[in-house]
Amino acid sequence: MNVVLFDTLKLPVEGLNKTTHGYSTNTVTLEILKNEHPIIDMIINYRELSKLKSTYVDALPELVNPATGRVHTSYNQTGSATGRFSSSNPNLQNIPIRTELGREVRRAFVAPDGYVFLAVDYSQIELRVMAHISQDATLIDAFKRDLDIHQATAATVHGIDPADVTYEQRSFAKRVNFGLMYGMGAFRLARDSDLTLAEAEGFIKTYFERMPGVEQYIKQTKAFVWEHGYTETLYGRRRDYPAIKVGQKSRSTASEERAAINMPIQGTAADILKQSMLNLYTRLNQESFDAAMTLQVHDELLLEVKEDQIHDVKALVVETMESALPDGKPLLVPLKANASYGKNWRDMEDMD
DNA sequence: AACTAGGCT
DNA sequence: GTATAAGCCTAGTTG
């Protein structure tokens, strides 16, 4: 690929991301070259199609179990560093949804005769966990009032009325809300937006001024991990950071600092969903519902439910997920879950 | 086997 | 001065 683009076609390499052996040709990088040659758009398009074909369209039918006529994923309960499940052979936690064409793959997942899929996902669970752990007053207040969280934080940062928040301001706040949970810096924010580095730095500074709890959480977590060499979720799940444990700043410690910031958030969200799965399993059996948990996708459960029980089961699942608090300790903010249902995994309709 | 890319939360 | 957002799995290439 490098040979074709940069030797044969002699496309400009200025400002391109590098890999160990040459220039990156990932989509983000190719976008920079879009106007240099018509082949760029064709490559981007081909990549999407070949990804969908090789990973999903060709692979999934091969994995149908002849005995059951279904695909059976394997869930690894111990494979992730934060407490999440992972899924393999096939991975059913990364079935496409983002693009219209990719989403078509979900049509292949069809509920059995007489049953429908019920999907229930937590709304903004990681940000709610952040609100709880950081005890940030603004975040807590926004979730208590069930506000549009990205609109609310945009309003807070800009010091304006939520009703006056523009689409761009909301999108930007959304990126910052998520990014900060991963330890994003101004450099990345500027690179992924229209802002200069100085403007991005200013935005984050204002964000932290208006949401001091979040800044404090990041600072305190860094201090904690340097002192103890681990971080943990609300419910005591731990992750160690070997490079930090050595006690010397190195190339890896910056990366581990970000992981240490993220783990309690992502891991607590994982703990909560796991507890809700346990509670739900018990309750579905107690009430003799004809419903089965089929997939877990980090903040979402997909069930197969007997058609005429869909509304009762939906109410039970939503209630169970919204009240799933390990140790019975309530969060400082409510948990919220949204439901949808359908005959196949693509055509899902919102409920209530 | 390592690297690169890209699918998901 | 340098690098720069977390966690996964799979496919295709040999960067």
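Keep in mind that this is a model prediction, so the values were computed, not measured. In what follows, chains carry the letters A, B, and so on, assigned in the order in which the sequence lines appear, proteins first and then strands, with residues in each chain numbered from 1.
- Looking at residues two or more places apart in sequence or on another chain, you find no salt bridge (charged side-chain N to carboxylate O under 4.0 Å, His left out) involving A/R175.
- Residue A/I95 is in sugar-phosphate contact alone, with no base atom involved, counting any heavy-atom pair closer than 4.0 Å across all strands shown.
- The stretch residues 121-130 of chain A has no heavy atom under 4.0 angstrom from DNA chain B at all.
- Near DNA chain C, meaning a heavy atom under 4.0 Å from it, residues 203-224 of chain A has no residue at all.
- Under the ring-ring contact (aromatic ring centres under 6.0 Å, His included) criterion, A/H132 pairs with no residue, sequence neighbours left out.
- Listed by first and then second residue, the salt bridge (Lys or Arg N to Asp or Glu O under 4.0 Å) pairs involving residues 118-140 of chain A are A/R84-A/E126 (not counting sequence neighbours).
- Within the structure, the salt bridge (Lys or Arg N to Asp or Glu O under 4.0 Å) test picks out the following pairs touching residues 139-158 of chain A (sequence neighbours left out): A/D141-A/R145, A/D146-A/K336, A/D148-A/R170.
- Under the 3.5 Å distance criterion, with hydrogens and angles disregarded, a donor-acceptor pair is assigned to the side chains of A/N177 and A/T153.
- Scanning DNA chain B 5' to 3' for nucleotides with an atom closer than 4.0 angstrom to a non-hydrogen atom of chain A gives a first and last hit of B/dC3 to B/dT9.
- Across all strands shown, A/N26 has heavy atoms under 4.0 Å from sugar-phosphate atoms exclusively, and none from any base.
- Comparing C/dA3 with B/dG6, their P atoms are spaced 23 Å from each other, to the whole Å.
- Nucleic acid contact for A/Y56: sugar-phosphate only, since backbone atoms but no base atoms lie under 4.0 Å from a heavy atom of the residue.
- Pairing each heavy atom of A/L33 with each of A/P12, the nearest pair is CD2-O, 3.4 Å.
- Ionic pairing of A/E201 and A/K205 is not present here: no N-O contact between side-chain nitrogen and carboxylate oxygen is shorter than 4.0 angstrom.
- Residue contacts shown for A/I97 are limited to sugar-phosphate atoms, with no base heavy atom under 4.0 Å away.
- For residues 276-306 of chain A, no residue pair satisfies the ring pair (Phe, Tyr, Trp, His ring centres under 6.0 Å) rule, not counting sequence neighbours.
- The gap from the P atom of B/dA5 to that of C/dT4 amounts to 15 Å, rounded to the nearest Å.
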Item to complete: Summarise protein proximity over nucleotides 2-7 of chain C in one line of letters, 5' to 3': B for base, S for sugar-phosphate only, - for none, counting protein heavy atoms closer than 4.0 Å.
Response: --BBBB
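- Using a 4.0 Å cut-off on heavy atoms, none of the residues of residues 330-347 of chain A approach DNA chain C.
- Counted by atom type alone, A/S88 and A/S74 present zero donor-acceptor pairs between their side chains at under 3.5 Å.
- For A/H158, the ring-ring contact (aromatic ring centres under 6.0 Å, His included) partners at least two apart in sequence or on another chain are A/F203.
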Where do N or O atoms of nucleotides 11-13 of chain C meet protein N or O atoms at under 3.5 Å, pair by pair?
unit_1 : atom_1 : unit_2 : atom_2 : d
C/dA11 : O3'    : A/S54  : OG     : 3.2

